[in-house]
> 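Below: one structure in structure tokens.
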Number of protein chains: 2
Amino acid sequence: MTLSDKNFAFVMHCGEMGSRWGFNRTIGQMCGLLIITKEPMTANEIADALSISRGNVSMGIKELQSWRLIKVQHIPGDRKEYYAPAGTIWDMANRVFEERKKREIDPTLSLLRDNILEEAHNDDERFAQQQMQEIHDLLETVTKWSSELQRLSPEQLQSLMKLGSGIGKVLDFKDKILKKP
Amino acid sequence: MTLSDKNFAFVMHCGEMGSRWGFNRTIGQMCGLLIITKEPMTANEIADALSISRGNVSMGIKELQSWRLIKVQHIPGDRKEYYAPAGTIWDMANRVFEERKKREIDPTLSLLRDNILEEAHNDDERFAQQQMQEIHDLLETVTKWSSELQRLSPEQLQSLMKLGSGIGKVLDFKDKILKKP
DNA sequence: CATAGCTTTCATTATTTATTGAAACTTGAG
DNA sequence: CTCAAGTTTCAATAAATAATGAAAGCTATG
């Protein structure tokens with residue numbers, strides 16, 4: 001199976017963006033490829049489509065699974081494994097977001113927590129601790145807020161997203177609302 | 001000037017996280033160092049504190065400036081340049097966020113836009129285009145939403161962040177509210 | 001239980017990215 | 001104008017990361 005020029009261009013773009021999205025070129029390509037291909041693909045088809053080695057595809061699959069971005073499917077009477085995106089675009093974006101939070105924020109949050117608990121022994125440490133406290137509070141707020149968003153129903157989210165500039169208005173009325181349970 | 005163990009540990013952590021935050025180890029370290037150091041530092045002080053070459057510091061400074069994370073200061077009667085964080089922690093986080101959006105989302109958004117405008121020539125392209133449309137819509141929503149947030153006053157933001165789980169409640173009343181201007 | 005058909009692993013190799021440090025450049029002061 | 005104190009650049013090198021492919025590992029089927 002060979003890609004049309006336009007689709008190929010998209011897949012290559014995903015490759016170039018791959019490392020910015022948190023993985024590497026090949027994995028970006030694989031992800032893009034699976035998204036725009038209607039039918040699930042075998043590892044060999046993926047290797048052929050991207051002109052990369054079979055082993056590389058195997059590694060990529062493992063990685064994409066660790067991000068929970070793809071799922072395996074089987075076709076009766078066929079021993080091969082077929083791969084397809086795990087869920088909707090929205091689901092996938094969510095997973096990437098979550099996973100990146102886990103890698104980019106959580107470790108720092110934990111280090112900062114530890115540090116802040118210890119006592120500062122001189123001015124330098126005191127100043128540093130203040131700064132770390134600020135970073136900590138910021139990251140914690142962001143974390144709490146994002147987990148809040150994930151708790152919302154899809155409809156509520158939709159509604160929130162559509163709100164756009166209305167958000168300011170809503171905020172102005174917040175107190176009123178919360179007083180009427 | 002030498003760092004305390006605790007502060008050194010923080011700086012090294014910033015280094016390890018550097019590449020996850022969008023830059024590299026050295027630049028992560030430099031950023032962490034400047035944040036927890038009360039006084040502005042010269043390039044040589046930075047190089048000494050981190051045991052890296054003067055040239056590397058120069059590159060790092062250029063990069064941090066391109067992210068708008070540091071600013072130059074001068075001390076009268078001293079020809080050296082002194083570097084310090086550009087703004088509060090919150091400002092810096094915002095800058096990183098913006099800059100990453102520019103690098104991680106905007107190029108894709110533009111590619112998708114172009115692709116969607118062209119006509120699909122077969123079923124594969126049609127399917128691919130549908131998927132791209134979904135990605136496009138998602139990214140555009142996120143983009144619009146985040147620029148919306150940046151438009152809010154700091155107080156409004158604060159208030160929104162504190163809302164936390166109340167956000168669901170507020171949304172349920174959205175329609176009511178918006179009908180009473 | 002042997003094997004064909006498929007997948008995974010991992011040592012080696014290739015590619016990419018980061019760092020160094022010497023040379024070139026800039027600039028303010030005398 | 002010259003020099004000294006500083007900064008930047010960039011070719012060479014080092015380090016980190018990714019890709020290959022041959023060998024080892026699985027596992028349904030006859």
Side-chain angles (χ1 to χ4, degrees), chain A residues 1 11-34 40-67 70-84 103-104, chain B residues 11-34 40-67 70-84 100 103-104:
Chain A
M1 197 217 55
V11 171
M12 290 302 116
H13 174 86
C14 291
E16 279 142 31
M17 299 303 284
S19 58
R20 307 204 157 169
W21 295 338
F23 13 85
N24 68 31
R25 179 157 35 108
T26 307
I27 290 175
Q29 290 174 349
M30 289 177 56
C31 191
L33 178 64
L34 288 173
M41 298 180 79
T42 64
N44 277 320
E45 286 170 345
I46 295 170
D48 286 353
L50 303 178
S51 310
I52 59 178
S53 75
R54 183 63 183 69
N56 202 357
V57 171
S58 187
M59 310 271 246
I61 286 167
K62 211 166 57 167
E63 180 77 4
L64 283 170
Q65 278 170 334
S66 89
W67 286 75
I70 60 172
K71 63 182 175 190
V72 188
Q73 287 186 338
H74 285 277
I75 294 186
D78 188 341
R79 276 177 65 182
K80 291 190 284 298
E81 315 219 88
Y82 286 78
Y83 300 95
R103 298 172 189 215
E104 297 172 11
Chain B
V11 170
M12 289 302 116
H13 173 86
C14 291
E16 279 142 32
M17 299 302 285
S19 59
R20 307 203 158 169
W21 295 338
F23 14 84
N24 68 31
R25 180 158 32 108
T26 307
I27 291 174
Q29 291 173 349
M30 289 177 56
C31 191
L33 178 64
L34 288 173
M41 298 180 78
T42 65
N44 277 321
E45 286 170 345
I46 295 171
D48 286 352
L50 303 177
S51 310
I52 59 179
S53 75
R54 183 63 185 69
N56 202 358
V57 171
S58 187
M59 310 273 246
I61 286 167
K62 211 167 57 168
E63 180 79 3
L64 283 170
Q65 279 170 334
S66 90
W67 285 74
I70 60 173
K71 62 180 175 193
V72 189
Q73 288 185 339
H74 284 276
I75 294 187
D78 187 340
R79 274 176 67 180
K80 292 191 284 297
E81 316 219 88
Y82 287 78
Y83 299 95
R100 284 179 64 168
R103 297 173 189 215
E104 297 171 12

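Because only heavy atoms are used, hydrogens play no part in the values below, and waters and symmetry mates are left out as well, while side chains stay in. A note on names: the letters A, B, ... follow the listed sequences, proteins ahead of strands, and every chain is numbered from 1.
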> Taking only the side-chain nitrogens and oxygens of B:K62, find out if one of them lies under 4.0 Å from OP1 or OP2 of D:dT9.
yes

> Rounding to a whole Å, what distance do you find between B:K80:NZ and D:dT8:P?
14 Å

> Separation of B:E45 atom CD from D:dT7 atom C1', in whole Å?
15 Å

> Pick base, sugar-phosphate or nothing for B:I61, based on heavy-atom distances below 4.0 Å to the nucleic acid.
nothing

> What is the distance from CE of A:M41 to C1' of C:dT7, rounded to the nearest Å?
17 Å

> A:M59 has an atom CE; how far is it from atom P of D:dT20, in whole Å?
10 Å

> Below 3.5 Å, does any donor atom in the side chain of A:R79 face an acceptor in the base of C:dG5, or the other way round?
yes

> For the CZ atom of B:R54 and the CE atom of B:M59, what is their distance to the nearest 0.5 Å?
12.0 Å

> Is there a side-chain contact between A:S58 and the phosphate of C:dT9, meaning an N or O under 4.0 Å from OP1 or OP2?
no

> Heavy atoms only, 4.0 Å cut-off, all strands: where does A:N56 land among base, sugar-phosphate and nothing?
base

> If you compare all heavy atoms of A:S66 against all heavy atoms of A:R103, which two are closest, and at what distance to 0.1 Å?
OG-NH2, 4.0 Å

> Considering heavy-atom distances to DNA chain D, does B:Y83 or A:I52 have its closest nucleotide positioned more toward the 5' end?
B:Y83

> Closer to the 5' end of DNA chain D via nearest nucleotide, is it A:S53 or B:D78?
B:D78

> Hey, could you give me the OG1/NZ distance between B:T42 and B:K80, rounded to the nearest 0.5 Å?
6.5 Å

> Please compare A:Y82 and A:R25 by the position of their nearest nucleotide in DNA chain C and report the one closer to 5'.
A:Y82

> Could you report the tightest heavy-atom contact between B:P40 and B:Q73, atom names first, then the distance?
CG-OE1, 2.9 Å

> Taking atom C1' of D:dT7 as reference, at what distance in whole Å does atom CD of B:Q65 sit?
12 Å

> Going by modelled atom types, is there a donor-acceptor pair between the base of D:dT20 and the side chain of A:R54 at under 3.5 Å?
no

> Rounding to a whole Å, what distance do you find between A:E16:CD and C:dT17:P?
12 Å

> Rounded to the nearest 0.5 Å, what's the gap from CZ on A:F23 to SG on A:C31? Could you check?
5.0 Å

> Which part of the nucleic acid, if any, lies within reach of A:T42 when heavy atoms closer than 4.0 Å are counted: base, sugar-phosphate only, or nothing?
nothing

> Using whole Å, report how far NE2 of A:H74 lies from P of C:dC6.
13 Å

> Could you state the atom-to-atom distance from CZ of A:F23 to C1' of D:dT17 in whole Å?
17 Å

